[in-house]
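Chain A is the first sequence line, chain B the second, and so forth, proteins listed ahead of strands; every chain is numbered from 1. Fair warning: this is a prediction, and the values are worked out from it, not measured in the lab.
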There are 2 protein chains.
Amino acid sequence: MQKPPKPPHDWNNVVSRIEIESGLTEALDNLNEFSHIIVLYWMDRVSAEPLPMKVRPRRDPERPLVGIFSTRSPKRPNPIGKATVRLLKRERNILTVSGLDAIDGTPVIDIKPYLPGYDSAVDARTPPWTQPHSDT
Amino acid sequence: MQKPPKPPHDWNNVVSRIEIESGLTEALDNLNEFSHIIVLYWMDRVSAEPLPMKVRPRRDPERPLVGIFSTRSPKRPNPIGKATVRLLKRERNILTVSGLDAIDGTPVIDIKPYLPGYDSAVDARTPPWTQPHSDT
């Protein structure tokens with residue numbers, strides 16, 4: 001029997017606390033002037049041995065098998081996650097954000113300001129199998 | 001005498017060739033269904049010893065000194081660059097893209113599809129010192 005795919009978890013309202021090494025506190029100055037930041041994190045608890053070359057997006061049996069680099073699957077050669085999150089607060093070396101889809105304790109490897117003109121693409125095209133819910 | 005800041009280089013029209021390890025060719029399948037991809041790269045030729053805590057954006061003396069995590073400066077604890085680029089072509093393990101602001105030979109560490117609903121923030125706010133050209 002096939003397990004039905006779980007509905008995607010809504011991470012938008014998940015609030016996370018990011019603790020940056022205290023020696024780097026000053027490097028966080030001015031970050032509070034941005035509404036959104038980019039968080040790069042190392043998905044250290046992903047088991048990717050052997051690494052699959054293809055996966056079904058959201059493990060949904062109704063979606064096609066596609067190359068891992070065409071997905072956001074955590075199973076990838078370098079398990080780096082990238083999220084655009086809302087910055088709610090910065091206090092010294094602690095950032096409070098919402099929308100970070102990382103499990104608790106995941107190491108954060110970089111923080112960048114989100115720059116709409118640089119980080120977004122207004123005319124982006126994506127295939128139908130990336131849509132949150134199937135039409136059928 | 002102070003050197004005037006160089007005008008920012010326009011990378012949008014720069015075309016780059018990304019060569020992925022040939023053993024991972026199949027993992028690139030379906031990528032051509034996306035107009036834009038995210039490239040993470042390791043800025044291996046950046047000299048960041050000692051690491052500054054603050055920099056002036058675009059090395060412009062008229063911009064304020066701000067924390068490095070508030071900038072896209074290549075001088076950062078983990079020298080990871082992140083670019084949203086247009087995918088022009090995929091041929092086997094070779095991607096041709098435009099808009100990649102990395103110097104020739106920079107190691108690419110991950111490729112992800114650009115998903116507008118996940119990667120962009122429609123209501124993003126940024127401070128005035130991030131603007132491409134000063135008003136004055």
Where is the tightest heavy-atom contact between [X] and [Y], given as atom of each residue plus distance?
X	Y	answer
B:P52	B:K75	CG-CD, 3.9 Å
A:T106	A:R45	N-NH2, 3.2 Å
B:F69	A:I20	CE1-CG2, 4.2 Å

Could you look at [X] and say if it's the side chain, the backbone, both or neither that has a heavy atom under 4.5 Å from chain A?
X	answer
B:L28	both
B:K112	both
B:I37	neither
B:T130	side chain
B:T71	backbone
B:D123	both

Within the 4.5 Å heavy-atom criterion, are [X] and [Y] side-chain neighbours or not?
X	Y	value
B:R76	B:M43	yes
B:L95	B:R17	no
B:L100	B:Y41	yes
A:I111	A:V39	yes

Under a 4.5 Å heavy-atom cutoff, which of [options] has the most pairs with chain B?
options	answer
A:N32, A:L65, A:L40, A:D29	A:D29
A:P127, A:A27, A:A83, A:P116	A:A27
A:K54, A:K82, A:R72	A:R72

[options]: which one forms the most heavy-atom pairs within less than 4.5 Å of chain A?
options	result
B:V55, B:N78, B:T25, B:L51	B:N78
B:P77, B:S70, B:G67, B:S120	B:S70
B:V122, B:V85, B:D101	B:D101
B:I68, B:T84, B:D110, B:L115	B:D110

Without hydrogens or angle criteria, can the side chains of A:E62 and A:W129 be said to hold a donor-acceptor pair below 3.5 Å?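 Note: A:E62 and A:W129 side chains miss the donor-acceptor criterion.
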Under a 4.5 Å side-chain heavy-atom rule over Ile, Leu, Val, Met, Phe, Trp and Tyr, are A:V97 and A:L24 clustered together?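 Linked, A:V97 and A:L24 end up in one cluster.
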Check whether A:I80 gets within reach of chain B through its side chain, its backbone, both or neither, counting any heavy atom under 4.5 Å.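 Both backbone and side chain.
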